[in-house]
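Have a look at the structure below, then the notes.
In what follows, chains are A, B, ... by sequence order, proteins preceding strands, each numbered from 1. Remember, it's a predicted structure, so these values are computed and weren't measured experimentally. These numbers come from the heavy atoms of this one structure, side chains and all, not from hydrogens, waters or symmetry mates.
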Amino acid sequence: MPELPEVETIVRDIRPALLGRRIDRVSLSHDDVLRGVSRRRLVQGLKGATVREVFRRAKHAVLDLGERRLVVQPGMTGSLIVHDRRLTSDERRYAVLRAALDDGRELVYRDVRRLGTLLLLDTPGWNRYTGAIGPEPLDAGFTPRQLAAALARSRQAVKKVIMDQKYLAGVGNIYANEALFAAGIDPSKPAASLRSDDHVRLHAEIRRILLAAIGSNGTTVRDYRTGTGEQGSFQLELLVYGREGAPCRRCGTRLAGTHAIDGRITVFCHRCQS
DNA sequence: ACGAGGTCCTGCGAGC
DNA sequence: TGCTCGCAGGACCTCG
C-alpha cells in the first residue's frame, strides 16, 4: 500500500486535473470506507464543492474543498486516479468513490480490500487529525535532532517507532526496511538505544530513500498505481524488502526475514545491520 | 504506557 | 484441476 512516496506521486499526478474543478456528481459503492461521516453527509459535502488545493499529509491525500477537507487514506490497496475517458469494466470494478468533475473527467477512488478510509473534516476536525500525526520527514524543518527526540522516548524496536505515524509521518513497512538497511541499523534495536551518529545516518537515509522513491513514482508490489494509472518503478531498486533469503547486495550474506516486529515482515542483513 | 494480538476486507500464490 | 491456507504496502482497537 501506498506509503509517502506513492501518495506524493498520486497527489502530483492528480493535482493539475483537480485544481479549480467542481464536483458535479458523486457515487459511493460501500459505506464501510467512511469514518466519522455518514454516506449522506459525504455526498452532500462533495457535491457542488470546488477543489481549492490538493496535497499530501503522511500517507494520505487531501482535497481542500474550502469549508471542508476530504482525506483519502488509501490503506493497503487504495488508488486515486483521474480518468479522462469512460472507465473500463476493470476500472469500474472495486471503484468505491466516483466523483464526476465539471470538465467531464472523473476522480475515482478504487480499493480492492477496502481497508482504506475516507474522512470529511471541518477545520477543528482537520486540526485534530493533522495534530495527531508526527513531522513530515521531507520538510526542511525535520532534523536528526527531531528524529532523535522521537526515538529517545521509546524502548520499542526502532522499526516500529519510525513506522508509527504519531512519531514520524509517511514511513511504512517497505521504506522502514530499506532505510534501516541503508543506515546499517538492526530493525529490532530498541529505539532509545540509538546513538547520535545512528540518528544522523537514519535521518539521512529515510530522506534519501523517500526522495529516490518519489523520483521513481513509487513502489508497485501489486496494487499501487500512480494518479494516472501507471505502475511505479522503485520496486526495481529495493535492496531488502521482498528479498528474504536472497544474498545481501552489499556483503552477500543471506538476508533474514522475521515477523517479530509488529507482525509485519522485516527483512535485514545480520552482518550489515547492528 | 507498552506489547501482543485481533479486526476491518479481498485476492493471490503456494502447497496438497 | 481445485481446494484450503497464509499472507499482503495501513490504521485502529482491546486486553493484560
Side-chain angles (χ1 to χ4, degrees), chain A residues 1-10 28-36 56-61 71-80 90 92-97 109-119 121 128-130 132-134 150-180 187-193 206 209-210 213-214 216-226 231-245 257-267:
Chain A
M1 171 319 330
E3 304 181 28
L4 184 154
E6 288 74 34
V7 179
E8 182 66 27
T9 301
I10 288 169
L28 181 73
S29 71
H30 292 75
D31 291 352
D32 55 8
V33 298
L34 303 179
R35 193 142 63 239
R56 177 191 59 75
R57 173 75 170 117
K59 304 171 189 173
H60 313 146
V71 177
V72 179
Q73 308 185 157
M76 298 277 226
T77 55
S79 66
L80 207 46
D90 215 44
R92 274 197 303 275
R93 202 166 176 220
Y94 308 115
V96 177
L97 180 75
Y109 176 63
R110 183 176 191 268
D111 190 345
V112 172
R113 287 175 69 186
R114 291 201 316 284
L115 296 181
T117 309
L118 304 177
L119 317 173
L121 303 175
R128 276 193 300 277
Y129 154 85
T130 192
I133 301 175
L151 297 175
R153 277 175 279 164
S154 177
R155 286 176 299 118
Q156 297 182 84
V158 57
K159 175 165 178 262
K160 185 170 175 174
V161 177
I162 63 173
M163 287 174 63
D164 188 329
Q165 299 302 295
K166 72 174 178 281
Y167 295 122
L168 185 61
V171 175
N173 199 34
I174 292 179
Y175 299 110
N177 276 295
E178 295 297 313
L180 288 162
S188 64
K189 226 176 165 181
S193 73
I206 287 171
I209 287 167
L210 293 175
I214 293 169
S216 298
N217 295 316
T219 300
T220 296
V221 173
R222 178 174 297 170
D223 302 284
Y224 162 68
R225 293 294 182 275
T226 70
Q231 299 200 3
S233 61
F234 198 70
Q235 63 279 9
L236 304 173
E237 317 290 324
L238 299 175
L239 297 183
V240 286
Y241 182 85
R243 299 193 64 246
E244 176 184 356
T258 172
H259 281 86
I261 303 168
D262 209 22
R264 314 290 298 283
I265 183 74
T266 298
V267 186

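Rounding to whole angstrom units, CG of residue A/Asp223 and C1' of B/dG13 are separated by 14 Å. Rounded to whole Å, atom P of C/dA11 lies 15 Å from atom OH of A/Tyr167. If you measure from atom CZ of A/Arg114 to atom C1' of C/dC12, you get 17 Å, rounded to the nearest angstrom. Computed from coordinates, the A/His30 NE2 to B/dT10 C1' distance equals 10 Å when rounded to whole Å. Following rounding to the nearest Å, A/Ile265 (CD1) and B/dG13 (P) show an atom-to-atom distance of 18 Å. Rounded to a whole Å, the CZ atom of A/Arg153 is 13 Å from the C1' atom of B/dA1. Rounded to whole Å, the distance from CG on A/Asp111 to P on B/dC8 is 16 Å. Look at CD on A/Gln73: it is 13 Å from C1' on B/dC8, rounded to the nearest Å.
If you take atom C1' in B/dG6 and the same atom in C/dG6, they sit 16 Å apart, rounded to whole Å.
If you check every strand for non-hydrogen atoms under 4.0 Å, A/Thr117 touches nothing. Residue contacts shown for A/Leu115 include a base, since a base heavy atom lies under 4.0 Å away. Within the 4.0 angstrom heavy-atom criterion, only backbone atoms of the sugar-phosphate kind lie near A/Tyr241; the bases stay farther away. Within the nucleic acid shown, A/His259 comes within 4.0 Å of sugar-phosphate atoms alone, with no base atom in reach, counting heavy atoms only. Among the atoms of the strands shown, only primed sugar atoms or phosphate atoms (P, OP1, OP2) are found under 4.0 Å from some heavy atom of A/Val112.
The side chain of A/Arg35 has C/dA11 as its nearest neighbour among B/dC9, C/dC7, C/dA11. Comparing atom distances between the A/Gln165 side chain and each of C/dA11, B/dC12, B/dC9 picks out C/dA11 as nearest.
Of the possible donor and acceptor atoms, one in the side chain of A/Glu6 sits under 3.5 Å from a partner among the backbone N and O of A/Thr219. In this structure, A/Asn177 contributes its side chain and A/Val240 its backbone to no donor-acceptor pair below 3.5 Å. Here the side chain of A/Gln165 pairs no donor or acceptor atom with the backbone of A/Ile133 at under 3.5 angstrom. Formation of a donor-acceptor pair under 3.5 Å by the A/Glu8 side chain with backbone atoms of A/Ile214 is not found in this model. With hydrogens and angles ignored, the 3.5 Å screen pairs a side-chain donor or acceptor of A/Thr77 with a backbone N or O of A/Arg113. Of the possible donor and acceptor atoms, none in the side chain of A/Ser216 sits under 3.5 Å from a partner among the backbone N and O of A/Ser233. At distances below 3.5 Å, not a single donor-acceptor pair connects side-chain atoms of A/Glu178 with backbone N or O atoms of A/Leu238. At distances below 3.5 Å, at least one donor-acceptor pair connects side-chain atoms of A/Arg110 with backbone N or O atoms of A/Arg93.
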Derivation and outcome, side-chain contact (heavy atoms from CB on, under 4.5 Å), residues A/Val33 and A/Leu97: CA-CA 9 Å; A/Val33 298; A/Leu97 180 75; over 6 Å; no

One pair to check against side-chain hydrogen bond (donor to acceptor under 3.5 Å, both in side chains): A/Thr130 and A/Arg57. What are the steps and the verdict? CA-CA 8 Å; A/Thr130 192; A/Arg57 173 75 170 117; 2.7 Å; yes

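Looking at DNA chain B, the stems built from 3 or more consecutive Watson-Crick or G-U wobble pairs, each pair with its key distances under 3.5 Å, are B:2-8 with C:10-16, B:10-16 with C:2-8.
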Pairs: protein N or O with nucleotides 3-5 of chain B N or O, under 3.5 Å:
unit_1, atom_1, unit_2, atom_2, d
B/dG3, OP2, A/Gln156, OE1, 2.5
B/dG3, OP2, A/Gln156, NE2, 3.4

Dump every N/O contact between nucleotides 13-16 of chain C and the protein below 3.5 Å, one line per pair.
none

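A side-chain contact (heavy atoms from CB on, under 4.5 Å) with A/Ile10 is found for one member of A/Val72, A/Leu80, A/Asn217 and no other, namely A/Leu80. Tested against A/Lys159, the residues A/Asp164, A/Asp262, A/Asn173 include a single side-chain hydrogen bond (donor to acceptor under 3.5 Å, both in side chains) partner, A/Asn173.
Taking 4.0 angstrom as the limit, A/His60 places a side-chain polar atom (N or O) nearer than this to OP1 or OP2 of C/dA11.
Counting heavy atoms from C-beta on, the side chains of A/Thr9 and A/Tyr224 come closer than 4.5 Å.
At a cut-off of 3.5 angstrom, counting only N and O atoms as typed in the model, there is a donor on one side and an acceptor on the other between the side-chain of A/Arg113 and the base of B/dC9.
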